[in-house]
There are 2 protein chains.
Amino acid sequence: MSPNPQQRRAARHRLGTDQDAPAARRGPSGGRKKPITVDAIVSTAFGIVEREGYPALTMRRVAAVLETGPSSLYAHVVNKEDLDELLIGRLCAEIELPEPDPTAWRQQIAGVCTQLRDQYLRYPGITQASFAAAPSNLDTLRVGEGMLAILLAGGVQPQAAAWAIDSLSLYVNAYCLEHSMARGRLQDGGEGWVLSRAELLRRFAALPDSYPQTKRYAAELTAGTVHDRFDFTLGLMVDGLPRSGAADT
Amino acid sequence: MSPNPQQRRAARHRLGTDQDAPAARRGPSGGRKKPITVDAIVSTAFGIVEREGYPALTMRRVAAVLETGPSSLYAHVVNKEDLDELLIGRLCAEIELPEPDPTAWRQQIAGVCTQLRDQYLRYPGITQASFAAAPSNLDTLRVGEGMLAILLAGGVQPQAAAWAIDSLSLYVNAYCLEHSMARGRLQDGGEGWVLSRAELLRRFAALPDSYPQTKRYAAELTAGTVHDRFDFTLGLMVDGLPRSGAADT
DNA sequence: TCCGCTGTAGAACAGTGTTCGTGTCTACTG
DNA sequence: CAGTAGACACGAACACTGTTCTACAGCGGA
């Protein structure tokens with residue numbers, strides 16, 4: 001048997017109970033010291049993204065690290081899209097989901113989101129892969145399940161909880177995407193659109209008078225760490241959720 | 001004088017009051033019926049995105065529509081990134097900003113967000129450009145100014161208003177990006193990850209027992225139009241904003 | 001008239017993802 | 001033990017992408 005990458009990928013989306021069937025790797029071929037496996041590909045891919053950012057993650061780059069040609073990867077991976085999916089799968093698999101505690105559901109849901117954020121930011125730009133990936137992956141569904149459990153334990157109405165998970169995931173993704181984009185813009189170009197706070201304030205002050213509010217509240221607009229904004233928005237979304245009773249914290 | 005594209009782009013970010021200086025186009029060169037202008041480039045780019053989606057927007061494609069070679073574009077546009085910026089600039093310029101009405105600030109802010117959403121969705125995938133673009137564009141700042149004015153008129157605390165604008169813009173972008181990604185996934189592949197609601201329900205039902213909440217609340221998770229979710233999240237973010245008094249609507 | 005300048009192109013370069021055909025080796029089979 | 005089937009690896013190539021270099025056209029001013 002030993003499935004093609006296509007079959008393997010389809011299995012990852014079939015959402016069945018079949019447990020991945022290690023397929024009893026035949027003998028590793030020939031003179032290679034280390035045979036090429038899906039896991040090895042994903043690991044080196046993570047290394048590249050962590051060191052050089054997501055745009056540097058090309059098939060050729062991965063192949064080069066593995067000391068082979070690009071075509072060799074296609075025996076284990078359907079696509080670059082497939083590789084992306086594997087990446088975010090492994091990333092989601094490392095998220096720790098707490099046992100739902102009705103008295104601490106806010107902290108718990110924020111904790112999961114923060115974990116996601118930190119994982120995404122650790123591999124800058126990888127959120128692009130997350131946006132492109134279909135949401136029917138088992139690993140991503142696992143964290144969705146965890147978040148749903150937390151919200152339900154907190155007494156959030158099921159419909160609101162379901163939609164809120166979507167919104168939260170989407171926001172975390174977008175936040176990290178923007179973050180990594182800004183970072184990327186910093187380190188290459190650097191021709192002056194480094195956006196330090198002082199610089200931003202100066203620019204806002206130089207705006208024409210048709211931007212009165214922006215000029216007046218420039219301080220507020222540029223205030224806070226980026227992570228302050230993250231916490232603020234999370235609070236906004238979580239605190240507004242309709243609950244069906246239960247005591248508040 | 002007649003500025004290079006580089007200078008023109010820098011001017012767009014300088015945020016000064018200088019009014020773009022039409023630069024009195026010298027004679028259009030030679031045998032062309034229609035000379036290539038920045039505006040023509042942007043317009044054809046919009047056409048391509050509207051018809052074929054953002055991934056089809058390549059320099060060569062634009063040049064081909066203009067019946068010329070790719071290199072001709074670089075006399076008017078610094079980069080593809082620059083072209084992207086011009087696109088989202090024009091897109092933002094077409095957003096209508098209402099006169100702030102303290103009694104209708106919720107509807108007004110939702111209206112602006114919905115306008116943005118519909119513009120983005122009209123040109124599928126163009127949000128990618130929006131994420132990549134630097135936020136120091138005059139046109140994008142204009143809608144930021146408008147949103148800020150609405151929120152302040154509604155009595156929202158300045159700091160919260162400032163941060164909320166960021167969050168809202170980010171969410172609208174992310175929503176549209178996800179939407180267009182899903183749309184794109186539909187029309188190419190189509191090998192079965194069409195995610196109709198019935199199909200999703202079937203898949204959730206087939207999940208292993210380690211996903212109890214997802215299985216139980218599959219109906220809620222798949223409920224609602226995509227736009228219902230949009231409205232829900234907007235409400236979540238807007239209703240939670242701290243106000244400094246003023247009567248509620 | 002001539003010079004210079006601006007805008008238009010063609011060809012080419014360095015990348016990208018992906019596929020085809022071919023080799024090479026292991027592991028099972030007769 | 002010999003032989004074959006099949007998985008694996010790989011080099012070369014294709015069709016793209018953004019971008020740059022170079023030369024060419026025609027109009028302005030001197």
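Only heavy atoms go into these numbers, but all of them, side chains included; no hydrogens, no water, no symmetry mates.
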The side chain of [X] lies closest to which of these nucleotides: [options]?
X: A:Lys80; options: C:dT8, D:dT20, C:dG17; value: C:dG17
X: A:Ser71; options: C:dT18, D:dA9, D:dC10; value: D:dC10
X: B:Arg60; options: D:dG18, D:dA9, C:dA9; value: D:dG18
X: B:Met59; options: D:dG18, C:dT16, D:dC10; value: D:dG18
X: B:Thr68; options: D:dA9, C:dA9, D:dT19; value: C:dA9

Figure out the [atom1]/[atom2] separation between [X] and [N], and round it to whole Å.
X: A:Ile41; N: C:dG17; atom1: CD1; atom2: P; value: 13 Å
X: B:Ile48; N: D:dT17; atom1: CD1; atom2: C1'; value: 14 Å
X: A:Glu81; N: C:dG17; atom1: CD; atom2: C1'; value: 12 Å
X: B:Tyr54; N: D:dT17; atom1: OH; atom2: C1'; value: 12 Å
X: A:Leu66; N: D:dC10; atom1: CG; atom2: C1'; value: 13 Å
X: A:Tyr74; N: C:dG21; atom1: OH; atom2: P; value: 17 Å
X: A:Ile36; N: D:dA7; atom1: CD1; atom2: P; value: 17 Å
X: A:Asp84; N: C:dT16; atom1: CG; atom2: C1'; value: 14 Å

**Message:** Heavy atoms only, 4.0 Å cut-off, all strands: where does A:Thr58 land among base, sugar-phosphate and nothing?
**Reply:**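 Since only primed, P, OP1 and OP2 atoms lie under 4.0 Å of A:Thr58, the category is sugar-phosphate.
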**Asked** Taking the side chain from A:Gln115 and the backbone from A:Glu96, do they hold a donor-acceptor pair closer than 3.5 Å?
**Response**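 A pair under 3.5 Å: yes.
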**Donor-acceptor pair, side chain of B:Lys215 and main chain of B:Asp209, under 3.5 angstrom** =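 Judged by distance alone, no pair lies under 3.5 Å.
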**Asked** Which residue lies toward the 5' end of DNA chain C, B:Pro70 or A:Arg61, if each is placed at its nearest nucleotide?
**Response**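 Of the two residues, B:Pro70 wins.
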**Asked** Taking the six-membered ring where the residue is Trp, are the ring centres of B:Tyr123 and B:Tyr54 under 6.0 Å apart?
**Response**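 Not under 6.0 Å, so no.
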**Message:** For A:Tyr175 together with A:Phe230, are the ring centres under 6.0 Å from each other?
**Reply:**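 Aromatic pair counts; centres sit under 6.0 Å.
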**Prompt:** Can you list the steps and then say if A:Asn173 with A:Thr127 is a side-chain hydrogen bond (donor to acceptor under 3.5 Å, both in side chains)?
**Reply:** CA-CA 6 Å; A:Asn173 267 321; A:Thr127 35; 5.5 Å; no
**Asked** Does D:dG18 have OP1 or OP2 sitting under 4.0 Å from an N or O in the side chain of B:Asn79?
**Response**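 So the side chain of B:Asn79 is outside the cut-off, no N or O lying under 4.0 Å from OP1 or OP2 of D:dG18.
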**Short side-chain N/O contact from A:His76 to OP1 or OP2 of D:dA7, under 4.0 Å** =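 For D:dA7, neither OP1 nor OP2 has a side-chain N or O of A:His76 closer than 4.0 Å.
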